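To keep things clear, I will list the structure first and then write my remarks on it.
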There are 2 protein chains.
Amino acid sequence: MAPNIRDIARMAGVSVATVSKVINNYPHISPKTKEKVMTVIKDAQFMPNSVARGLVKGRSMTLGMFLTTGLVHPFFVHILAGMEDSLKESGFDLLYLSQVNWNPDYSFVRHCMSRNVEGVVVFGFQRFDLNLDELVQSEIPAIFIDLDMLGKKAGYVTSDNVDGIRKSVRYLKEIGHTRIAFLTGGLESYVGKLRFEGYKQGLADLGLPYLSEYVYIGDFSRESGIEATQKFLSLDNRPTAIVCSSDMGAVGVIEAMKEAGLSVPGDMSVIGFDDIDIATHTVPSLTTIRQDTFGIGQNSIRLLLEIINNANCPPPTMIVPTELVVRDSCAPLA
Amino acid sequence: MAPNIRDIARMAGVSVATVSKVINNYPHISPKTKEKVMTVIKDAQFMPNSVARGLVKGRSMTLGMFLTTGLVHPFFVHILAGMEDSLKESGFDLLYLSQVNWNPDYSFVRHCMSRNVEGVVVFGFQRFDLNLDELVQSEIPAIFIDLDMLGKKAGYVTSDNVDGIRKSVRYLKEIGHTRIAFLTGGLESYVGKLRFEGYKQGLADLGLPYLSEYVYIGDFSRESGIEATQKFLSLDNRPTAIVCSSDMGAVGVIEAMKEAGLSVPGDMSVIGFDDIDIATHTVPSLTTIRQDTFGIGQNSIRLLLEIINNANCPPPTMIVPTELVVRDSCAPLA
DNA sequence: TTGTAAGCGTTATCAC
DNA sequence: GTGATAACGCTTACAA
C-alpha cells in the first residue's frame, strides 16, 4: 500500500502540516527538517494523492476532453500529440470524458463539475449539438477545435480554412486557370462553410466570376468527388481545375477522371485539402493544403491553460495558418 | 456554483446521510422521502462530486492510459473508438497520463497511485522501456496493447500477428507461389518479431524451405520496402512474391518495382499488413492483412474492467483475429 | 519554525 | 427509516 502523508509525518517525526509545507515548498521551514522530510519521502517513494489534494484546493490539475462519439478523424493522433506537448510540463493530465448519450438529461457541464475538471477541450462537434450551449454559457473554461464557439470562458482554435482555399484558387490562377470549380465539404459543418467562403473570396480576390454551376455540394467524401467530376464533365464549358474541400474528395475526382479516360493534371488540375497520408500516394500525387494539426492540438491546451490561469482574460481565439503543398496534380494551362 | 450534498439535504429537509442513501440506491428508505429527495436533485441539477466520492470509497471510477510520447500511430483513433465503446456504459472515464519524462525518477506506478486510477491501458511501448517492469510487478491492473507483458494483475491484447502472416503465405501458395520472400518489420518490436515468426511457420506449414536470402530485415517503413525489393531483384533465383510486415513496406515494394520497370502483380505479388487507408489507393490496390483495431481497443478496456472487478482472476490475454483482404497486388503464378 | 485542527464533498457505521 | 458523525488524504488558518 502506498504511504500517505501521515505515514511520512510519523516516519520523519514531524507533523502532517510540516510535511505538507515541505511538499508544497512553503517558506519558514528549517533546512534541517526540510532535508529530513525529503529523505523520508524519497525512501518511502511517497507521492501526494492528487485526488485528495484536488478536493481541498478546489483544483484537480485535470483537463477534460470531449470527443464526438465514434469519431474517426484521421488527424486526431496528431492533434493529441500536440496536446501532449503542451500538457507535458504543466502538471495537468487529460481526462477523456465518455458521454453517456443514452441518458436524455446528460450534461457536459455536470460531467465536468462532478469530475472537477478545470477546463475542457471539445472536438468533433457541430454547432447545434445538444447541450453545447450550456457548456459555452457556463463558467467552465473551454476550447473548441474547429468550431467557432465563444463564451465568457470559451474560445476556439481552428485552421485558417478560408485562407487555405484562397491560396488554392490563387495558385491555380497563377498557373493560368480561370475556370476553377469547387467541391464543397459538408455545409452543415463549420469548416465546410469556411472553405466554401474561401472559394468565393478567392475568386473575388482575382476578379473571377462566381458561377453556381462550378460548385458541387458534397460532403468531404470520395464519393462526392466522383459525383462532382461527373457533373463538371457534363458541362458545356468545362472547368479546367477543381478545388476540393478534402483530400478524399480529390481522390474521388482523380478516380472519376481516370474512369472517364481523361488525365489529371493534363485535362484537369486538382487540389485537395488536409494533406492526409494518401495524398503522397495517389497517381498523380496530390497538391493540397496542409493543416498544422500538431499546432492545433498544442495551442488548444495552451489557450485553455491561459483561460484557467488568467481569471479575466478575454476568451482566446487562434487561427492556425495552413500551407500549400505542391505535388503533381496541377499543371499550367496550355 | 454547483450544489453539494449538504445543499440538497437542506433543501429536501433531510440529512446528508439520507441523500447519500438515495443517490446510491440503498434499501430502507421510504418511498416518500426518496421521491422528495429525487425531485430536489433534479431541480437543483445536482450531481455528486465523483472526486470526493472516490476519496472515501477508494474507487475513482477512472482508468489511466499511457501512450508513448510523440506516438503517431495511424490506428490510434480506431483503438480509441473501441475503447470508448467499452467505456461508455461503465461509468469510468479515461485519464490520459502525460509522462514527465525529463524527471529521472518518474514512475508509472506512482503516477497511477497519485491519481487513484483503478487500472491502466499501456500502448506504444517496447519491452525494455524504463519503469515498465515496476508497473507489471505492481498491484495495478494493467492491459498492454501489442506487448506480451504478464504480471499478477497485468495482461495484454494484440492482433494475431503470427496467424496473419501465415495466412498471407498460405494464400500465395494457393495461387501457385513457392518462392516467397519476406520483409520484416523492426525486430526490436514485439509485433515485428511475431510477424517474422509467422513467416517461418507459414513456410513450415506448407513444407516450403526457409531461405535467408529471401528475408530482408526492415523496419516497417516505405524505405525498407524499396531496399528489400532492390535486394530481392538482384538475386539469381528471384522470389515471385513478397510478404511485407507493413503496408508502408508494401508501398515501397510497389514503388521500387515500378522504378525497375517491372509490374506488380505481373512480375511480383505483394502482400501488406495493417490495411491502412492507403492500401485502397495504391496502384495496384494492396492485398493485405486487416487488423481489428476497434476490437483491440474495445477488448483492452473490457479485459481491464475484468481484472478490476474480479479480485483474483488470472491476468487475461486476448489474441484478436486478423482477416485477409484480397485486392489487386497478387496474381496467380503463370 | 512547528503543530493543532477545521475543513474539502462524499460514504459508512452506528445509534436512535 | 433516518440522522449524527467519523473517516478518506490532503491543505491551510491560526495558535503555540
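This structure is a prediction, so every number in the text was calculated from the model and none was measured. In what follows, every chain begins at residue 1, and chains take the letters A, B, ... in the order their sequences are listed.
Considering all non-hydrogen atoms of both residues, A/Leu150 and A/Gly155 come closest at CD2-CA, 4.0 Å.
Over its length, the helix from C/dT1-D/dA16 to C/dC16-D/dG1 turns its helix axis by 50°, as judged from the five terminal pairs at each end, rounded to 10°.
Residues that satisfy the side-chain contact (heavy atoms from CB on, under 4.5 Å) test with A/Ala44, not counting sequence neighbours, are A/Pro3, A/Ile8, A/Met11. With sequence neighbours left out, the ring-ring contact (aromatic ring centres under 6.0 Å, His included) criterion links B/Phe75 to B/His73. Remark: B/Lys32 engages no residue in a salt bridge (Lys or Arg N to Asp or Glu O under 4.0 Å) (not counting sequence neighbours). For B/Ser98, the side-chain hydrogen bond (donor to acceptor under 3.5 Å, both in side chains) partners two or more places apart in sequence, or in a different chain, are A/Asp93. Listed by chain and number, the residues in a salt bridge (Lys or Arg N to Asp or Glu O under 4.0 Å) with B/Arg6 amount to none (sequence neighbours excluded). By the side-chain hydrogen bond (donor to acceptor under 3.5 Å, both in side chains) test, A/Asn310 pairs with no residue at all, sequence neighbours left out.
The CE-C1' distance, from A/Met113 to C/dC8, rounds to 14 Å in whole Å. Between the CZ atom of B/Arg6 and the P atom of C/dT10 there is a distance of 8 Å, rounded to whole Å.
A donor-acceptor contact shorter than 3.5 Å is absent between the side chain of A/Ser50 and the backbone of A/Arg53.
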- Take B/Arg115 and A/Thr62, measure what side-chain hydrogen bond (donor to acceptor under 3.5 Å, both in side chains) needs, and give me the verdict at the end. CA-CA 10 Å; B/Arg115 284 289 186 171; A/Thr62 304; 2.7 Å; yes
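A ring pair (Phe, Tyr, Trp, His ring centres under 6.0 Å) check over residues 9-68 of chain B, counting only residues at least two apart or in different chains, returns the pairs B/Phe66-B/Phe108.
The number of heavy atoms from other shown groups lying within 6.0 Å of CD (B/Gln137) is above 12.
Residues of residues 48-66 of chain B that place a heavy atom closer than 4.0 Å to DNA chain D, in numerical order, are B/Leu55, B/Val56. Looking at residues 19-45 of chain B, you'll see B/Ser20, B/Asn24, B/Tyr26 sit with a heavy atom under 4.0 Å from some atom of DNA chain C.
Relative orientation of the B/Phe76 and A/Phe76 rings is parallel, given thresholds of 30° and 60° on the angle between their planes.
Protein chain B contacts DNA chain D over a range whose 5' and 3' limits, counting nucleotides with an atom under 4.0 angstrom from a non-hydrogen atom, are D/dG1 to D/dG9.
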Can you give me every donor-acceptor pair (side chain of residues 119-129 of chain A, partner residue at least two apart or in another chain, under 3.5 Å) with its distance?
unit_1: A/Arg127; atom_1: NH2; unit_2: A/Asp148; atom_2: OD1; d: 2.2
unit_1: A/Arg127; atom_1: NH2; unit_2: A/Asp148; atom_2: OD2; d: 3.4
unit_1: A/Asp129; atom_1: OD2; unit_2: A/Gln126; atom_2: N; d: 2.7

